[in-house]
Every structure is written in C-alpha cells, then in structure tokens.
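Counting starts at 1 for both ligands and their atoms, following the listed order. These numbers come from a predicted model, not from an experiment.
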Amino acid sequence: MIKISLADEYRVKDPSLAPIGKTQIEWAEAHMPVLRLIAKRLEKLKPFKGLRIAMCMHVTKETAVLAKALLSGGAEIWMSASNPLSTQDDVAAALAEMGVHVFAWRGMSKEQYYKAIGMLISSQPDVTMDDGADLTSTIHMLFYGILNEETRYAKEMLRDWDVKSIERILGGTEETTTGVLRLKALERNGKLLYPIVAVNDSLTKYLFDNRYGCGQSTLDGIMRATNILLAGKNVVVCGYGWVGRGIAQRARGMGANVIVVEVDPIKALEAIYDGFRVMSMREAARIGDIFITATGNRDVIRKEHFLLMKDGAVLANAGHFNVEISVPDLEEISVSKRSVRPTVDEYRLRDGKKLYLIAEGRLVNLVSAEGHPSEVMDMSFANQALAVEYLVKNKGKLKKKVYRLPYKIDERIARLKLKSLGVKIERLTKEQKEYLESWRLGT
Ligand code: NAD
Ligand code: ADE
C-alpha cells in the first residue's frame with residue numbers, strides 16, 4: 001500500500017513512468033496553443049515568483065501543461081488529485097520529475113486522498129486551485145473546527161500548521177459546476193474565507209468544456225469500457241444542462257435514440273425542441289439501454305429505477321461526484337458483483353437480471369478514458385492560468401466572494417483560440433457600432 005509520510009516531497013505510483021508521462025504531456029501541449037502563448041508571457045514576466053500554489057485537480061496530461069505554465073511564471077506547485085480514480089500515473093511521475101510536489105495515484109483510498117489534501121494545506125499555499133472544491137472545503141472545515149472522517153485524515157498531515165496560515169491565501173480558483181455550487185453555499189452562509197474565481201462560469205469554459213468536452217469524452221469512456229454499439233440504442237441522459245446537452249447531441253450523432261430526463265421545465269422544453277424525447281426517470285428506466293447522469297445531484301438513479309431496468313442495462317456517470325447513481329442502492333438489491341472488464345462491474349439482482357456499472361459511478365470520461373481532449377482543456381486552463389494572474393494582480397482588493405473572470409478575459413481567450421485555428425471573424429464598422437448603440441434610428 002502506498003503511504004504518504006510527512007517528510008515526502010512527492011508520492012506517486014511509479015517514478016520510472018516519468019519518460020512516458022513526459023511524452024504524453026508534450027502531446028497535450030502541442031494541442032494547447034492558447035495556454036502555450038500564455039505560458040510564454042508568464043515566463044517573461046514571472047508574476048508568480050515566490051507564490052506557492054496548491055492544485056487539487058485531475059492529474060492528467062492537460063493539467064500538467066497548466067502546471068508547466070504556472071511553473072514558467074515562477075510558482076512553486078503542490079498537487080493532489082480531485083478524484084481517487086482519475087490520475088494518469090505516468091503524468092504524475094513526470095510532474096514529480098519536473099519539481100512539482102505531487103501526491104496522487106490511480107486508485108487512492110479515501111484516507112490517502114484526504115492525506116494528500118492535508119499535504120497541500122501543510123505547504124501553506126498562497127493560492128488554491130480546485131476541481132470540485134474538496135481542497136477549499138477541507139481548509140474551511142479545519143478553520144471552523146469541523147472534524148469528520150475526511151478532515152481527520154487531512155489533519156494528520158498538518159505538522160505544526162497554524163490556522164492563521166489561512167490568512168496568507170490571497171484567493172482560489174474553481175474549475176467545475178459542482179465546486180462553484182459548494183463555494184457559493186459558503187459565500188451565502190457568510191463563511192467564505194477568501195475570494196474565489198469561478199473558472200467554470202467563464203463562457204470559454206462551460207460552453208466548450210462542459211458541452212463539447214463532455215459530449216465527446218463521456219461517450220469515449222463508455223465505448224472504451226464496454227465497446228458496445230451506440231447506434232440504435234436507447235440512451236437516457238439525465239440532466240439537460242451544459243454537460244447533458246453535449247452528451248445528448250453527440251449520442252444522437254452516433255445513431256442513438258436519445259431520451260432526456262430533467263427536473264427543470266424550461267430545460268425539458270429545450271430538449272423537446274432540440275428533438276429529443278423527454279420523460280420521467282421511471283418511464284425511461286423501463287426502456288433505456290444506456291443511462292448517463294450529468295446533473296450534479298444525488299440519487300438521480302436509485303433502487304426504484306434499477307428494479308424497472310432491462311437486463312443488460314449499462315450505467316455511467318459524468319457528473320462530478322459518485323452520488324448520481326446510487327451505488328449503495330445497487331449493492332443492496334444485488335446478490336453478486338464481479339468485474340467483467342476494466343472499469344466495468346456486473347451486478348446480478350435477485351431475479352437474475354444483470355446491470356453494468358462503469359467506473360464505480362465516478363466520472364466516466366476521466367476514469368474509463370483520458371478526460372476531455374487537450375484542445376478543449378486549452379481554453380479551460382487558459383482561464384485557470386489567467387484567473388491566478390487576476391488574483392495576484394488584485395491581491396487585497398477582492399472581497400470574500402465568488403467572482404467570474406471579467407468578460408474581456410473571456411473574449412481574449414476566444415480570440416486567441418480563433419487565431420490558433422486560423423479563423424478570421426468580422427469587425428463592426430463605425431456606422432454599425434453607432435447604429436447598435438443608438439435609440440433614434442427606426443423604420
Ligand atoms: P448544469 O447546472 O448546467 O446542469 C445540471 C442539470 O441537471 C440542470 O439542468 C438541472 O435541472 C438538472 N437536474 C438536477 N437534478 C436532476 C434530477 N434529479 N434529474 C434530472 N435532472 C436534474 O450543470 P453542468 O455544467 O451540466 O454540470 C453537471 C455536472 O457535471 C456537475 O456535477 C459538474 O461539476 C460536472 N462536470 C463534469 C465534467 C466532466 O469532465 N465529467 C465536466 C464539467 C462538469
Ligand atoms: N476534466 C475533464 N477533462 C479533463 C482533462 N483532460 N484534464 C483535466 N481535467 C479534466
């Protein structure tokens with residue numbers, strides 16, 4: 001068993017994987033032109049000199065390119081995984097070789113996961129970067145003296161850590177919808193300890209990463225795990241937010257009959273007018289071949305639904321946490337469970353029916369595949385790098401609130417991406433600009 005000890009500079013599965021990881025990172029970097037440009041500028045200006053950054057994010061080749069950009073800007077980096085199963089071990093090894101204090105490997109236990117977060121906190125960071133808010137929420141729980149199983153593990157790694165060291169944190173960033181929701185709840189309760197930039201809420205993030213990124217990588221994960229044909233299958237997509245609509249669109253592109261399950265009447269109508277069938281989970285449960293959750297909510301598929309499903313139904317989750325498909329319910333109604341393929345578990349119910357759960361109900365795109373393609377992460381992580389720069393530039397000026405990045409930064413990222421694609425767009429003429437700003441001109 002891998003153990004993190006207080007004296008560790010890093011802890012990964014196998015340091016000898018570093019050369020393979022390095023090649024993977026180079027591959028990603030070649031497909032991330034916007035982040036490359038930003039890294040070049042950061043290297044010149046060194047705005048992060050003397051800054052310690054704690055990153056609790058999926059340890060992938062794309063995250064490594066982001067870490068490289070921050071290192072170029074002069075930062076020291078401590079990194080842990082934002083999911084116990086999403087780490088690419090070769091990349092983690094390469095990061096350690098690059099001088100990142102990385103504590104991550106695929107298949108971490110809850111204890112190891114939170115001890116790794118504890119190591120990040122004990123480094124006394126100036127900036128936190130999160131994907132799902134586990135690092136930030138652990139910091140807040142420790143500050144407010146809330147001790148549960150998770151914070152106890154983290155606390156074991158805190159040496160002579162003083163709660164006052166939280167005062168040095170100038171701000172944090174958050175990558176995903178679920179993390180932003182958790183941090184906004186802290187803000188609403190008046191308990192947020194430092195400013196947060198909700199990177200997820202940038203247009204160049206959620207319109208592309210959540211929609212097109214998940215659209216492709218979720219199906220990629222399901223296909224790599226099962227190798228089943230999507231054409232002609234009834235694919236049930238739960239949640240028609242940014243992630244759900246991307247998945248629905250791409251599943252249709254593969255020839256699936258897509259059914260949408262929603263709780264929001266407006267999104268349900270949108271799904272209908274986009275050409276999908278919409279129904280309740282109970283109705284969909286009877287006819288679905290593949291179920292994909294993308295809601296950020298808990299128990300979306302539960303006992304009452306499993307009992308109605310067809311023999312052989314496949315279950316996958318694209319939402320942040322493993323709570324959308326109720327695994328405890330599935331365990332309760334099953335008489336046996338076995339692994340039938342990498343990342344696929346077969347559950348046999350009392351009546352002999354078999355249901356197949358992918359990736360233990362965790363993010364299927366990162367566990368069964370490699371996450372979003374680098375081209376998409378290019379924009380998400382350009383936002384992350386610029387968010388850290390924004391926090392540094394505005395040190396001491398921001399309130400303890402959850403902020404969006406200014407629209408100008410979003411627009412800059414979009415323009416850089418278009419340029420990298422060799423696409424020119426129209427410019428408003430002086431007359432057009434005046435016309436759009438005038439109230440006098442009519443019929
Ligand atoms: P969103 O808020 O845009 O959409 C969520 C949708 O789910 C909403 O339309 C909501 O009405 C619906 N919903 C909530 N409860 C439901 C229920 N019980 N049944 C059916 N529908 C329900 O959020 P999003 O940006 O689409 O993100 C969804 C989840 O995916 C979040 O957990 C987010 O963090 C995660 N995410 C994952 C990845 C990834 O790489 N896998 C990437 C981005 C976001
Ligand atoms: N989230 C979704 N895809 C990702 C990737 N490739 N790297 C890091 N985080 C991700």
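Scanning all protein heavy atoms for the shortest distance to atom 41 (N) of ligand 1 gives A318 O, 2.9 Å. For atom 2 (O) of ligand 1, the closest non-hydrogen atom of the protein is T177 CG2, 4.1 Å. For atom 28 (C) of ligand 1, the nearest protein heavy atom (residue, atom name, distance) is A294 O, 3.6 Å. Looking at atom 17 (C) of ligand 1, its nearest protein heavy atom turns out to be V263 CG1, 3.6 Å. The closest protein non-hydrogen atom to atom 8 (C) of ligand 1 is E262 OE2, 3.4 Å. Given atom 7 (N) of ligand 2, the protein heavy atom at minimum distance is T60 OG1, 2.7 Å. Protein heavy atom in closest approach to atom 5 (C) of ligand 1: T295 O, 3.6 Å. Closest to atom 26 (O) of ligand 1 among all protein heavy atoms lies V243 N, 2.8 Å. For atom 15 (N) of ligand 1, the closest non-hydrogen atom on the protein side is N297 ND2, 3.1 Å.
Contacts between K267 and ligand 1, counted as non-hydrogen atom pairs separated by less than 4.0 Å, involve the side chain only. Residue T178 touches ligand 1 through backbone and side chain together, judged by heavy-atom distances below 4.0 Å. At a 4.0 Å heavy-atom cut-off, ligand 1 touches H372 through the side chain alone. Only the side chain of C214 comes within contact range of ligand 1, with a heavy atom under 4.0 Å; no backbone atom does.
Checking V261, D299, T293, V300 against atom 18 (N) of ligand 1, the nearest heavy atom belongs to V300. Nearest-heavy-atom check against atom 9 (N) of ligand 2 across E62, H372, M377 picks out M377.
Assignment of K61 to the shell around ligand 2 is not supported, since no heavy atom sits closer than 4.0 Å.
Atoms of ligand 1 found under 4.0 Å from any heavy atom of N365 (numbered from 1 in listed order, with element): 39 (C), 40 (O), 41 (N). Distances below 4.0 Å separate heavy atoms of F381 from the following atoms of ligand 2: 8 (C). Those atoms of ligand 2 with a heavy atom of E370 less than 4.0 angstrom away are 6 (N). Taking every non-hydrogen atom of G241 and a distance limit under 4.0 Å, the qualifying atoms of ligand 1 come out as 1 (P), 3 (O), 4 (O), 6 (C), 9 (O), 26 (O). Close approach to G296 involves these atoms of ligand 1, each under 4.0 Å from a residue heavy atom: 29 (C), 31 (C), 32 (O). Each of the following atoms of ligand 1 lies closer than 4.0 Å to a heavy atom of T176: 33 (C), 34 (O), 35 (C), 36 (N), 43 (C), 44 (C). When each atom of ligand 2 is checked for a heavy atom of T63 under 4.0 Å away, the hits are 7 (N), 8 (C). Of all atoms in ligand 1, numbered sequentially from 1 with element shown, those under 4.0 Å from a heavy atom of D264 are 11 (O). Less than 4.0 angstrom separates some heavy atom of L363 from each of these atoms of ligand 1: 39 (C), 41 (N). Ligand-side atoms of ligand 1 in range of W242: 3 (O), 26 (O), range being under 4.0 angstrom from any heavy atom. Residue G371 has at least one heavy-atom neighbour below 4.0 Å for each of these atoms of ligand 2: 3 (N), 6 (N). Which parts of ligand 1 touch D209 is read off a 4.0 Å heavy-atom cut-off, strictly below it: atoms 42 (C), 43 (C).
Within 6.0 Å of atom OH in Y10, 12 or fewer heavy atoms from other residues, nucleotides or ligands are found, so the atom counts as exposed in its surroundings. The number of heavy atoms from other shown groups lying within 6.0 Å of CG (L421) is above 12.
Under the side-chain contact (heavy atoms from CB on, under 4.5 Å) test applied with Y212, the options H372, Q249, E375 reduce to a single match, Q249.
In the model, E331 has a side-chain atom that pairs as donor or acceptor with a side-chain atom of Y347 under 3.5 Å.
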